[in-house]
Structures are given as structure tokens and as C-alpha cells.
**Q** 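I'd like to ask some things about the structure below.
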Amino acid sequence: MVLISFRTVPSEGILFLKEGIMASLLLARRVACSSQKNFCLFTPGSRCISQAAAKIDIEFDYDGPLMKTEVPGPRSQNAEAVHFFCNYEESRGNYLVDVDGNRMLDLYSQISSVPIGYNHPALAKLIQQPQNASTFINRPALGILPPENFVDKLRESLMSVAPKGLSQLITMACGSCSNENAFKTIFMWYRSPGCPDYSILSFMGAFHGRTMGCLATTHSKAIHKIDIPSFDWPIAPFPRLKYPLEEFVKDNQQEEARCLEEVEDLIVKYRKKKRTVAGIIVEPIQSEGGDNHASDDFFRKLRDIARKHGCAFLVDEVQTGGGCTGKFWAHEHWGLDDPADVMSFSKKMMTGGFFHKEEFRPNAPYRIFNTWLGDPSKNLLLAEVINIIKREDLLNNVTHAGKTLLTGLLDLQARYPQFISRARGRGTFCSFDTPDESVRNKLILTARNKGVVLGGCGDKSIRFRPTLVFRDHHAHLFLNIFSDILADFK
Ligand SMILES: Cc1ncc(COP(=O)(O)O)c(C=O)c1O
């Protein structure tokens, strides 16, 4: 089914460089035109407008980008990793506003960590309620002095979305410390006396964080690891699928079988070396490493291998969790009754942490511990976020908007194969490859100056990590802007 149709119009590249009123007028013109006859157009160089781009009836969203300067602008200081400075007071919904007043459609959402958009009114209301004030003011040492209602609050929030079979929960501050402590939990579960040389098996291209233990399992970019000593832990190849998937069924099956075989070989080899694999860690979609997907069947077989060899199976849902693939947890797509022994989360969940099975409970207090162990104020916000996800059926929204986005990307890929390949995605967790790193980076910068924030990953991929309130019309808006960019791109 074609979800998007394109219509030729005279160049509207100016749309996002003019003042807001002009943007609104032109958007209104698009609405007026959208009822006219539409047709699909695949000619490179033409301006293409998606008919549904102009819907603006969102309670707390802006109606489109509004660019006043280049980004970073004069008020932003451009320092090393910093892209630009932001005005979070003015940011709303899917739109991030910078210090120069540029308003951008944010499809990267703070490295995939904004669940329901900027300044959601329901969250603003929550923090204004007097009975919540002490939760925001006082940050307790949760492991020893939790607030009276903390367990109830966890039941309302995290426990209400606990993955199948994982009844135990520990909250943490970030993704890295969640994985770091998940590794320790696995080693304690595997236990034998002393400090045995156990290992965690990870995959090439994986990203699990930057702390010492996590870094030993992170293999996405050399820069993360330079100068840091590491463990001799096994690293298995992760499938490199060929696209379009339906044309390479056999090749991809063979590729996945090769990787699984290597996993088993490594487990055996490391057992002989006396560095027994206590656990396997895997992302349902390798994210920082380049949005590398594998089939549900691959993960089902990997899960079986872990069970067969007595290794704990740790699923890292730090980036894939919280609804962006159309299921609350990406591993739900595998359709397993026993999908994991341990599962870590952070980002869209507003707090870090991990779920685990009962038998992974440490046998003494303080073995898994730190001062804060998360933050009850984030948990309060998360409970409301989860309410909204359920009430507004946002998982369905993600599936729908994701389909629109991916269909549009496939159309752009057909029209501009010199710039776009391997368009892929699940929910709004979409991406595509560009020819090389410099083209990728230039596309991201050009898009930013046209009012769209995108993210890179791997060597040459562009990834989409919008909020869960990213809707069809945002997808169309992006596709229009990007279509214009590609038409002029050199
Ligand atoms: C899959 C995955 N695991 C772990 C992490 C580390 O999380 P944090 O940056 O919160 O330490 C990330 C961060 O991007 C991630 O994508």
C-alpha cells in the first residue's frame, strides 16, 4: 500500500527559512491543495510535497519548523561534542528550540530519550502538585531509606510494564550503570568461590555503554575504547543483513547461521580457556553500531543457545525499549515465553535499571548497590508517561507513523539510490545508509539548517529516534523537507 503520494509544486525551499507566520500560511496552502488530485512522482530533481504534511491540531506541538539562523547560531557556543545550546522552556512536543530561536522538528530526541515530547502538559501539571513537591526536592539514598510509597509507585510505573518472567527490578541512574550492575548480577548468579575469570559474550558492532565493564562489550567505534584496558571476553559476529530483505532470504539465513555457529564455538573455546561465558548480552537492534537488525528467528535461536550452555541471556533495551519499535520492549517481537533472564533499560524510561528473574537475586544486601539507585521523581514522571502511552494508544501510533516514515524512505531510496540505501526499521526506529561518512554528516547538517534534527550511527547511517508522539503528519513534514534536500544535494 502506498501511504504517501507526492505532488509537484514550485520550489518551496524557502518555507522553513521565513518567519513563522509565513510558514503557517504556506502550510495552510498545503492543506488547501491537498484535496486536489495527487499522484506519485519519482523523478529526481523535482520538488515533492506529501499531501498529509500540514496537520497541526496537536495540543502542545508547534505547527512546523521555523529557522532564523544557521545552526549553531550566534548565541550557541560550538564546543567539541556540543551541537548547539537549547531553549528547553520554548521546546514543545516534537520540536526542539535552540538559543537563537530556531525551532526544529526533532527526530533524534536527545539520543532517543524523550518519551512523549518536550514539556508535555500532563508532566508539567504533575510537578506543580503540592503533594509531589517533596519527591522533587529530596533525593533519597533509595537502597537504605526509600520513601513510604516507593514500592507502590514502582508497581504503577516500571512493574506495570515488566517483561515476561522478570519479576525483580533494580533501578539505576543510566544505561551504562544498569548494564554494569547487570553483569555483576549475572556473575553472582553463576557463582563459584573466589574471583573466577568469567566472561560476558558480546557482538561486534554492539554498544552497551562506556564504563569499564560495559566498554569490554562495546564494539561500535574505536574512539570509545582507545587507551582503556579491557577484558579478554569473547566477541561474536553480528549478522550483516542484505536489503531488501525479501530479495536476500537465503543469503541472510546463511549469514545468521554463520554468526550463531560462531557464538557456540566461542562459548566452547572460552570454557576451555577457563574464561567461562556466564552471560550473553545483545541489543534487539544494534543502535549506535549502525542500526543493524537481525531476524526474530536469529534471536530465538540465540536465546536457545544461551539456555543450552547455561549462560544468562541479557537483553539490552536501553535504546530499543519504551515503545519506539511499536511494542513496549523490542524483544516482544520475538514472540518468546522466556525471552530473557535479565533486561536492562534507560533513556525513554527516564530512569535506568534492569529487570531479572527471581533466581538472579543477590544473596546478600549491598552486593548490588549505590547511593541513589535511581530517582523517585523520575519514577513519578514515568508513571504518568506510561499512563499516557496506554491511554493514547501510543504503541499503535508508533507502528502507524513508523510505517509512513519507512514507506516514505523507501520511496526516497527508489528516487535517490545514489544517496539512500538499506532503508530499514521497526516502528519509528528507522534508518538508512548513505554512501559514506562525509555525505552522511553533510546530510545531517543540511537537514538541521532546514529545521530537522537527525542522528547518525555506525559509519554512514542516519537514524530516526523520534518521540512516541511523532505522528503521521510529522513523518510527511520530514519527508517533504528531506525530498527537497535530496533534490538539491551535491
Ligand atoms: C543499547 C545501549 N546500551 C547502553 C547505553 C548506555 O547508556 P548511557 O549512555 O545512559 O550510559 C546506550 C546509550 O546509548 C545504548 O544505546
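This chain uses plain numbering: 1 for the first residue, then up along the sequence.
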**Q** Contact between Phe136 and Ser134 at the side-chain level, heavy atoms closer than 4.5 Å - yes or no?
**A**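 In short, these two side chains do not touch, never coming nearer than 4.5 Å.
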**Q** What closest approach, in Å, do Ile285 and Thr320 show between heavy atoms, and which atom pair accounts for it?
**A**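 Residues Ile285 and Thr320, closest heavy atoms: N-CG2, 3.8 Å.
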**Q** Checking Arg139 against Trp372: charged group under 6.0 Å from the ring centre and within 45 degrees of the axis?
**A**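 Yes, a cation-pi geometry holds between Arg139 and Trp372.
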**Q** I'd like to know if the side chain of Asn132 reaches the main chain of Leu126, judged simply by a donor and an acceptor atom lying under 3.5 Å from each other, with no hydrogens or angles considered.
**A**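 Yes.
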**Q** Strictly below 4.0 Å, N to O, side chains only: are Asp106 and Arg92 in salt-bridge contact?
**A**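 A salt bridge is absent here (no side-chain N lies under 4.0 Å from a carboxylate O).
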**Q** Would Phe60 and Tyr118 count as a ring-ring contact (aromatic ring centres under 6.0 Å, His included) if you check the C-alpha gap in whole Å, the side-chain angles of each, and the deciding distance to 0.1 Å?
**A** CA-CA 9 Å; Phe60 70 107; Tyr118 295 105; 9.7 Å; no
**Q** Using 30° and 60° as the class limits, which term best fits the ring planes of Phe313 and Trp334: parallel, tilted or perpendicular?
**A**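 Correct class here is tilted.
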**Q** For Phe464 and Tyr108, run ring-ring contact (aromatic ring centres under 6.0 Å, His included): C-alpha distance rounded to whole Å, both residues' side-chain angles, the deciding distance at 0.1 Å, then the answer.
**A** CA-CA 6 Å; Phe464 296 82; Tyr108 195 35; over 10 Å; no
**Q** How many angstroms lie between NE2 in His120 and CG in Leu468, if you round to the nearest 0.5 Å?
**A**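 Answer rounded to 0.5 Å: 10.5 Å.
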**Q** Do Glu90 and Tyr62 have side chains that approach each other closer than 4.5 Å (heavy atoms only, starting at C-beta)?
**A**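 Yes, at least one pair of side-chain atoms sits under 4.5 Å.
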**Q** Should the pair His474 and Phe470 be assigned to parallel (<30°), tilted (30 to 60°) or perpendicular (>60°) ring geometry?
**A**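 His474 vs Phe470 ring planes: parallel.
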**Q** Does the side chain of His208 come under 3.5 Å of the side chain of Ser202 through a donor N or O and an acceptor N or O?
**A**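 On atom types as modelled, these side chains do not qualify, holding no pair under 3.5 Å.
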**Q** Quick one: do the Asp316 and Asn179 side chains pair a donor with an acceptor below 3.5 Å?
**A**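 Result is yes, a qualifying pair exists.
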**Q** Output the distance between atom CG (Leu107) and atom CG (Leu405), rounded to the nearest 0.5 Å.
**A**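 Separation between the atoms: 7.5 Å.
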**Q** Treating Lys347 as the side-chain partner and Ile111 as the backbone partner, does any N or O pair qualify as donor plus acceptor under 3.5 Å?
**A**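 Present.
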**Q** For His219 and Phe207: C-alpha separation, side-chain torsions, deciding distance, then whether ring-ring contact (aromatic ring centres under 6.0 Å, His included) applies.
**A** CA-CA 6 Å; His219 320 286; Phe207 186 92; over 10 Å; no
**Q** Minimum heavy-atom separation for Phe231 to Gly213, with atom names?
**A**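 Shortest heavy-atom contact: CE1-CA, 4.1 Å.
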**Q** Of the non-hydrogen atoms in Asn94 and Thr467, which two are nearest, and what is the gap between them?
**A**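 For Asn94 versus Thr467, the nearest heavy atoms are OD1-OG1, 2.8 Å.
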**Q** Is a side-chain donor-acceptor pair under 3.5 Å present for Glu283 with Gln319?
**A**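 Judged by distance alone, the side chains do not pair up.
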**Q** Give a yes-or-no answer on whether the side chains of Asn102 and Thr69 include a donor-acceptor pair shorter than 3.5 Å.
**A**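 Checked: Asn102/Thr69 side chains pair up, N/O donor to acceptor below 3.5 Å.
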**Q** What do the steps show when you test Glu437 against Lys442 for salt bridge (charged side-chain N to carboxylate O under 4.0 Å, His left out), and what is the final call?
**A** CA-CA 9 Å; Glu437 192 178 359; Lys442 198 173 159 200; over 6 Å; no
**Q** Flag the pair Arg424 and Asp433 as a salt bridge only when some basic side-chain nitrogen lies within less than 4.0 angstrom of an acidic carboxylate oxygen.
**A**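 Here Arg424 pairs with Asp433 in a salt bridge, since their nearest N and O are under 4.0 Å apart.
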**Q** Can you tell me how the ring of Phe345 sits relative to the ring of Trp329, calling it parallel under 30°, perpendicular over 60° and tilted otherwise?
**A**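 Plane angle between 30° and 60°, so tilted.
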**Q** Are side-chain heavy atoms of Tyr88 and Leu96 found at a separation under 4.5 Å?
**A**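 Yes; the side chains approach each other to less than 4.5 Å.
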**Q** Assess whether a salt bridge exists between Arg463 and Glu288, defined as any Lys/Arg side-chain N lying under 4.0 Å from an Asp/Glu carboxylate O.
**A**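 Yes.
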**Q** Would you say Lys125 has more than 12 foreign heavy atoms packed within less than 6.0 Å of its NZ?
**A**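 Atom NZ in Lys125 is not crowded, with 12 or fewer foreign heavy atoms closer than 6.0 Å.
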**Q** Counting heavy atoms not belonging to Asn387, are there more than 12 under 6.0 Å from its CG?
**A**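 Atom CG in Asn387 is packed in, count exceeds 12.
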**Q** So, does Lys225 use its side chain to make a donor-acceptor pair with the main chain of Thr218 at under 3.5 Å?
**A**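 Judged by distance alone, yes, a pair lies under 3.5 Å.
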**Q** Met67 pairs by side-chain contact (heavy atoms from CB on, under 4.5 Å) with which of Arg103, Met104, Arg448?
**A**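 Of all the options given, the one that passes is Met104.
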**Q** Check the pair Asp393 / Asn396 against side-chain hydrogen bond (donor to acceptor under 3.5 Å, both in side chains), numbers first and verdict last.
**A** CA-CA 6 Å; Asp393 200 12; Asn396 258 331; 2.9 Å; yes
**Q** Tell me yes or no: between the side chains of Thr325 and His333, is some donor less than 3.5 Å from an acceptor?
**A**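 Looking only at side-chain atoms, His333 and Thr325 do form a donor-acceptor pair, the distance falling under 3.5 Å.
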**Q** Would you check if there is a donor-acceptor pair between the side chains of Lys348 and Ser112 at a distance under 3.5 Å?
**A**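 The criterion, which ignores hydrogens and geometry beyond distance, is satisfied for Lys348 and Ser112.
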**Q** Less than 4.5 Å apart, any side-chain heavy atom of Ile280 and any of Leu314?
**A**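 When only atoms from C-beta onward are counted, Leu314 and Ile280 do not touch, as no gap falls below 4.5 Å.
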**Q** Can you confirm whether Ile235 sits close enough to Phe203 that some side-chain heavy atom of one is under 4.5 Å from a side-chain heavy atom of the other?
**A**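 Side chain of Ile235 against side chain of Phe203, heavy atoms only: no contact under 4.5 Å found.
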**Q** Check Leu477, Asn397, Thr428 against Arg471 for a side-chain contact (heavy atoms from CB on, under 4.5 Å) and give me the one that passes.
**A**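 When side-chain contact (heavy atoms from CB on, under 4.5 Å) is applied between Arg471 and each of Leu477, Asn397, Thr428, only Asn397 qualifies.
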**Q** Check for a donor-acceptor pair, side chain of Gln286 on one end and backbone N or O of Met204 on the other, with a separation under 3.5 Å.
**A**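 Confirmed, Gln286 side chain pairs with Met204 backbone.
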**Q** Working to the nearest 0.5 Å, report the span between CG of Leu409 and CZ of Phe432.
**A**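 The CG atom of Leu409 sits 6.5 Å away from the CZ atom of Phe432.
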**Q** Grab the two heavy atoms, one from Ile481 and one from Pro65, that are nearest each other, plus how far apart they are.
**A**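 Smallest heavy-atom distance, with atoms named: CD1-CG, 4.0 Å.
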**Q** So Phe183 and Phe187, would you call those rings parallel, tilted or perpendicular, with 30° and 60° as cut-offs?
**A**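 Geometry flag for Phe187 against Phe183: tilted rings.
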**Q** Atom CD1 in Ile444, atom NE2 in His83: separation rounded to 0.5 Å?
**A**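 So the gap between those two atoms works out to 8.5 Å.
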**Q** How long is the gap from CH2 on Trp189 to NZ on Lys357, to the nearest 0.5 Å?
**A**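 Those atoms lie 8.5 Å apart.
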**Q** Less than 4.0 angstrom from a charged side-chain N to a carboxylate O is my criterion; do Lys164 and Asp338 meet it?
**A**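 Here Lys164 does not pair with Asp338 in a salt bridge, since their nearest N and O are not under 4.0 Å apart.
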**Q** Compare every heavy atom of Cys457 with every heavy atom of Arg440, then report the nearest pair and how far apart it is.
**A**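 Smallest interatomic distance, heavy atoms only, reads NH1-O, 3.1 Å.
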**Q** Check Cys430 against Asp291 and note the closest heavy-atom contact, atom names and distance.
**A**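 So the minimum-distance heavy-atom pair works out to O-OD2, 3.7 Å.
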**Q** Does a donor on one side chain and an acceptor on the other come within less than 3.5 Å for Arg465 and Gln110?
**A**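 The criterion, which ignores hydrogens and geometry beyond distance, is not satisfied for Gln110 and Arg465.
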**Q** Please determine if Arg75 and Glu70 form a salt bridge, counting it only when a charged side-chain N lies under 4.0 Å from a carboxylate O.
**A**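 Judged by the 4.0 Å cut-off on N to carboxylate O distance, Arg75 and Glu70 do not form a salt bridge.
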**Q** Within the distance-only criterion (no hydrogens, no angle test), does the side chain of Ser76 pair as donor or acceptor with the backbone N or O of Phe85 below 3.5 angstrom?
**A**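 Yes: the side chain of Ser76 pairs with the backbone of Phe85.
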**Q** Counting only N and O atoms by type, is there a donor-acceptor contact under 3.5 Å from the side chain of Ser176 to the main-chain atoms of Cys214?
**A**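 Such a contact is absent between Ser176 side chain and Cys214 backbone.
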**Q** So, the side chain of Glu317 versus the backbone of His331: is there a donor-acceptor pair under 3.5 Å, distance only?
**A**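 Yes: the side chain of Glu317 pairs with the backbone of His331.
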**Q** Does this structure show an ion pair linking Arg303 with Asp341, if we count only N-O contacts that are shorter than 4.0 Å?
**A**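 Judged by the 4.0 Å cut-off on N to carboxylate O distance, Arg303 and Asp341 do form a salt bridge.
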**Q** A side-chain contact here means heavy atoms from C-beta on lying under 4.5 Å apart; do Ile116 and Leu123 qualify?
**A**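 Yes - at least one pair of side-chain heavy atoms lies under 4.5 Å apart.
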**Q** Are any of the side-chain heavy atoms of Leu142 and Pro376 separated by less than 4.5 Å?
**A**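 They are in contact (side-chain heavy atoms under 4.5 Å apart), so the answer is yes.
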**Q** Less than 6.0 Å separating the ring centroids of Tyr190 and Phe360?
**A**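 Judged by ring-centre distance (under 6.0 Å), Tyr190 and Phe360 do not meet the cut-off.
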**Q** To the nearest 0.5 Å, what is the distance between CG (Asp375) and OG1 (Thr171)?
**A**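 Rounded to the nearest 0.5 Å, the CG-OG1 separation comes out at 9.0 Å.
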**Q** Look only at the side chain of Asn292 and the backbone of Gly205, and say whether a donor-acceptor pair between them is shorter than 3.5 Å.
**A**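 It does not hold such a pair.
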**Q** Counting only heavy atoms not in Glu359 (residues, nucleotides, ligands), do more than 12 fall under 6.0 Å from its CD?
**A**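 Counting neighbours around CD of Glu359, more than 12 heavy atoms of other residues, nucleotides or ligands fall under 6.0 Å, so yes.
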**Q** Could you check whether any side-chain heavy atom of Arg367 comes within less than 4.5 Å of a side-chain heavy atom of Thr185, counting everything from C-beta outward?
**A**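 In short, these two side chains do not touch, never coming nearer than 4.5 Å.
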